[in-house]
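Below you'll find the structure, written out as structure tokens, and then a few comments.
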Amino acid sequence: MSLLFMHLTGIITVRVDGFDMGTVINRLRKECKVISLDTKGNTVYATLPFYYEKKLEDISYQSNCVLEITSRKGVYFHFRKYRKRYGFVVGILVSILLSFYLSNIVFSIRIVGTDDESIIYEAREILEEEGLKAGAFIPNLNFLKLQTRLFEIDDDISWVSIGNSGSVVTVNLRTVVEKVETDEGRIPCNIIATEDAQIVDINVLVGHLEKLIGDAVAKGDLLVSGYVERGSGRTYYYHSIANITAVFERTVTFEQSIYDRKVVDGEIFYAKSLSIFDIDIPIPNLNVLSGSYITDTYRASLNLFGIELPIGITTTEYTEQIYKLNIYTLDEAEEIVYARLENYEENLIGDYEVMNKDVAVEKTDSSVVLTCTYTLKGDIGIESPIFAK
């Protein structure tokens with residue numbers, strides 16, 4: 001502890017009179033942190049930190065000496081005068097607690113990153129549903145959960161982040177920026193086949209055609225080359241553009257078991273702990289957890305006058321995992337695989353023309369298996385960059 005700090009917090013100046021002063025001096029040096037020490041005859045003058053006052057009384061009493069406190073200085077003695085003025089003490093405590101509380105509640109919510117009024121309005125509604133509003137206690141808020149909820153507003157939202165600076169919570173919403181299509185700056189590329197197929201039509205706008213109508217190609221074969229060598233001997237690289245129409249077959253299989261075991265989310269419980277540096281002190285919780293859970297942990301640090309303290313509230317979210325066993329009849333299982341087939345056709349082969357469709361259903365005692373073979377017609381070309389130096 002520095003000398004300046006000891007003077008600020010509190011020091012005492014004493015006078016000790018007696019006959020065995022050698023013993024008193026030795027004990028002072030061994031048992032106390034003496035700031036200054038002086039002797040004159042059988043009198044010792046000393047200056048010490050305020051917390052050695054009781055020790056000085058004991059040494060003087062045991063050595064049959066007379067102790068006199070000549071002065072008391074410092075913050076400790078200044079505030080000690082008010083120790084019996086309970087209203088003053090209570091006022092200080094209330095001020096500290098009030099300042100601490102006000103430093104950790106939400107005063108303002110800022111939504112930045114988008115000018116879309118409908119998105120901003122819906123975001124504020126969701127935030128209020130989840131408890132983020134003026135007056136909310138910041139350590140009780142789970143920003144990670146709030147970020148996940150905000151993604152539900154609009155499919156165009158590409159980024160969400162939530163943070164706070166003191167009592168101001170900032171919500172950053174970024175939306176997808178539509179890119180303007182342009183041919184400028186395109187990287188050189190070939191076009192290769194995505195399926196084992198037979199070509200029935202070709203339309204090449206840019207690039208050198210490598211296959212002809214009627215050719216059979218394998219997946220990965222080069223269809224149009226962006227590497228073109230002119231008669232002059234010079235080589236040029238192009239971003240190939242073409243439409244290669246071909247006929248090909250695709251087989252998909254869907255299986256539904258009669259006994260279908262699924263995991264679904266159940267109740268959600270929260271457990272909190274007081275975090276001091278790296279130490280977590282659990283806060284008593286009446287919920288008794290058993291079974292299987294998925295956990296998600298979030299820590300919110302406490303603030304005082306905008307300064308983040310090494311103290312916070314750690315919240316752990318427990319989502320119960322419930323195992324359900326669904327038992328289907330063969331007819332119900334068949335309906336499920338047909339529904340999956342319909343979903344597949346709507347989402348994954350919508351860009352192709354279906355020329356033929358052959359469906360086969362096999363039923364056993366434990367499952368239903370649907371196999372569908374399609375004959376499809378459509379563009380099988382995909383860009384493949386040319387990495388040229």
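- The side-chain hydrogen bond (donor to acceptor under 3.5 Å, both in side chains) test applied to N42 returns no partner, not counting sequence neighbours.
- Here the closest non-hydrogen pair linking Y318 and A271 is CE1-CB, 3.8 Å.
- The number of heavy atoms from other shown groups lying within 6.0 Å of CG (D351) does not exceed 12.
- Between L330 and S367, the shortest heavy-atom distance links the atoms CD2-O, 4.3 Å.
- Annotation for S60 and V16: closest pair OG-CG1, 4.2 Å, computed over non-hydrogen atoms.
- Residue I336 shares its hydrophobic cluster (ILVMFWY side chains chained together at separations under 4.5 Å) with Y328.
- Screening residues 187-197 for side chain to side chain donor-acceptor pair (under 3.5 Å) gives E195-R250 as the qualifying pairs, with residues at least two apart or on separate chains.
- The shortest heavy-atom contact between G18 and C65 is CA-SG, 3.9 Å.
- Neither side chain, Y61 nor E57, offers a donor N or O lying under 3.5 Å from an acceptor on the other.
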Item to check | V354/I349 under side chain to side chain contact (heavy atoms under 4.5 Å, CB included): CA gap, chis, key distance, verdict | outcome: CA-CA 8 Å; V354 179; I349 63 172; 4.2 Å; yes

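- Formation of a donor-acceptor pair under 3.5 Å by the T329 side chain with backbone atoms of E332 is found in this model.
- No side-chain donor-acceptor contact under 3.5 Å links T316 and T295.
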I'd like a table of donor-acceptor pairs (distance under 3.5 Å, sequence neighbours excluded) in which one partner is a side-chain atom from residues 109-119, with atom names and distances.
from, atom 1, to, atom 2, distance (Å)
R110, NH1, T170, OG1, 3.0
T114, OG1, D116, N, 3.2
D116, OD1, S118, N, 3.0
D116, OD1, S118, OG, 2.5
D116, OD1, I119, N, 3.4

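- Under the 6.0 Å cut-off for aromatic ring centres, Y338 and F254 do not qualify, their centroids lying 6.0 Å or more apart.
- Every residue two or more places apart in sequence or in another chain that forms a salt bridge (charged side-chain N to carboxylate O under 4.0 Å, His left out) with K363 is listed here: D331, E334.
- Looking only at side-chain heavy atoms (C-beta outward), E255 and V368 stay at 4.5 Å or farther from each other.
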Side-chain donor-acceptor distances from residues 199-218 under 3.5 Å, at least two apart:
from, atom 1, to, atom 2, distance (Å)
H208, ND1, E210, OE2, 3.1
D215, OD2, L212, N, 2.8

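- In this structure, G381 and L223 approach most closely via the heavy-atom pair CA-CD1, 4.2 Å.
- Considering CG of L376 and CG of N356, their distance stands at 9.5 Å, rounded to 0.5 Å.
- For the pair L127 and V171, the minimum side-chain heavy-atom distance is below 4.5 Å.
- Contact check on R15 versus D17 returns a salt bridge, with a Lys/Arg side-chain nitrogen under 4.0 Å from an Asp/Glu carboxylate oxygen.
- Using a 4.5 Å cut-off on side-chain heavy atoms (C-beta onward), T47 and V34 make no contact.
- Every residue two or more places apart in sequence or in another chain that forms a side-chain hydrogen bond (donor to acceptor under 3.5 Å, both in side chains) with T373 is listed here: T251.
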Item to check | Pair F248-Y374, side chain to side chain contact (heavy atoms under 4.5 Å, CB included): steps then yes or no | outcome: CA-CA 8 Å; F248 60 94; Y374 295 95; over 6 Å; no

Checklist entry - Yes or no on side chain to side chain contact (heavy atoms under 4.5 Å, CB included) for R261 and Y323, after CA distance, side-chain angles and deciding distance? => result CA-CA 7 Å; R261 190 180 186 216; Y323 294 89; 3.7 Å; yes

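- Linking ILVMFWY side-chain heavy atoms closer than 4.5 Å, directly or via other members, places Y236 and V224 in two distinct hydrophobic clusters.
- One finds the OG atom of S167 at 6.5 Å from the CD1 atom of I105 (value rounded to the nearest 0.5 Å).
- We find the CG-NZ distance between D260 and K324 to be 12.0 Å, quoted to the nearest 0.5 Å.
- Looking at heavy atoms from C-beta onward, I311 lies in side-chain contact with L274 at the 4.5 angstrom threshold.
- The salt bridge (charged side-chain N to carboxylate O under 4.0 Å, His left out) search around K30 returns none, not counting sequence neighbours.
- Residues F19 and V14 fall into different hydrophobic clusters, defined by Ile, Leu, Val, Met, Phe, Trp and Tyr side chains chained together at heavy-atom separations under 4.5 Å.
- Residues Y237 and Y227 place their aromatic rings such that the two centres sit under 6.0 Å apart.
- Cluster annotation: V24 and I69 are assigned to the same hydrophobic cluster (Ile/Leu/Val/Met/Phe/Trp/Tyr, side-chain heavy-atom contacts under 4.5 Å, transitive).
- When the side-chain hydrogen bond (donor to acceptor under 3.5 Å, both in side chains) test is applied to Y238, the partners found at least two apart in sequence or on another chain are R230.
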Item to check | Verdict with reasoning, S36 to D38, per side chain to side chain donor-acceptor pair (under 3.5 Å) | outcome: CA-CA 7 Å; S36 66; D38 192 19; over 6 Å; no

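- Between L67 and L56, the closest side-chain pair of non-hydrogen atoms falls below 4.5 Å.
- Between L370 and T253 there is no side-chain heavy-atom pair separated by less than 4.5 Å.
- The environment of OH in Y344 is crowded: more than 12 heavy-atom neighbours from other residues, nucleotides or ligands sit within 6.0 Å.
- From C189, atom SG reaches atom CD of E383 across 4.0 Å, with rounding to the nearest 0.5 Å.
- A continuous path of hydrophobic side-chain contacts links L146 to V169 [ILVMFWY only; heavy atoms under 4.5 Å].
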Next on the checklist: Would L150 and I162 count as a side chain to side chain contact (heavy atoms under 4.5 Å, CB included) here? Give the steps.
Outcome noted: CA-CA 10 Å; L150 290 177; I162 303 177; 4.0 Å; yes

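- Using a 4.5 Å heavy-atom threshold, the side chains of I192 and D221 count as separate.
- Of the inter-residue distances, the one linking L48 atom CG with T13 atom OG1 reads 8.5 Å to the nearest 0.5 angstrom.
- Shown here are the salt bridge (charged side-chain N to carboxylate O under 4.0 Å, His left out) partners of E267, two or more places apart in sequence or in another chain: there are none.
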Per-pair distances, 0.1 Å, donor-acceptor, side chain in residues 130-142, under 3.5 Å, sequence neighbours excluded:
from, atom 1, to, atom 2, distance (Å)
E130, OE2, R149, NH1, 2.4
N142, OD1, L144, N, 3.2
N142, OD1, K145, N, 3.2

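- A 4.5 Å side-chain heavy-atom check between V359 and C372 finds at least one atom pair inside the cut-off.
- Taking all atoms of both residues into account, the shortest heavy-atom contact from P385 to I187 is CB-CD1, 3.9 Å.
- One distance of note links OG of S161 with CG of L173; it measures 8.0 Å at 0.5 Å rounding.
- Within a 6.0 Å sphere centred on OH of Y121, heavy atoms belonging to other residues, nucleotides or ligands number 12 at most.
- Residues I126 and I157 fall within the same hydrophobic cluster, defined by Ile, Leu, Val, Met, Phe, Trp and Tyr side chains chained together at heavy-atom separations under 4.5 Å.
- Taking the salt bridge (charged side-chain N to carboxylate O under 4.0 Å, His left out) definition, one finds that D58 meets it with K54, sequence neighbours left out.
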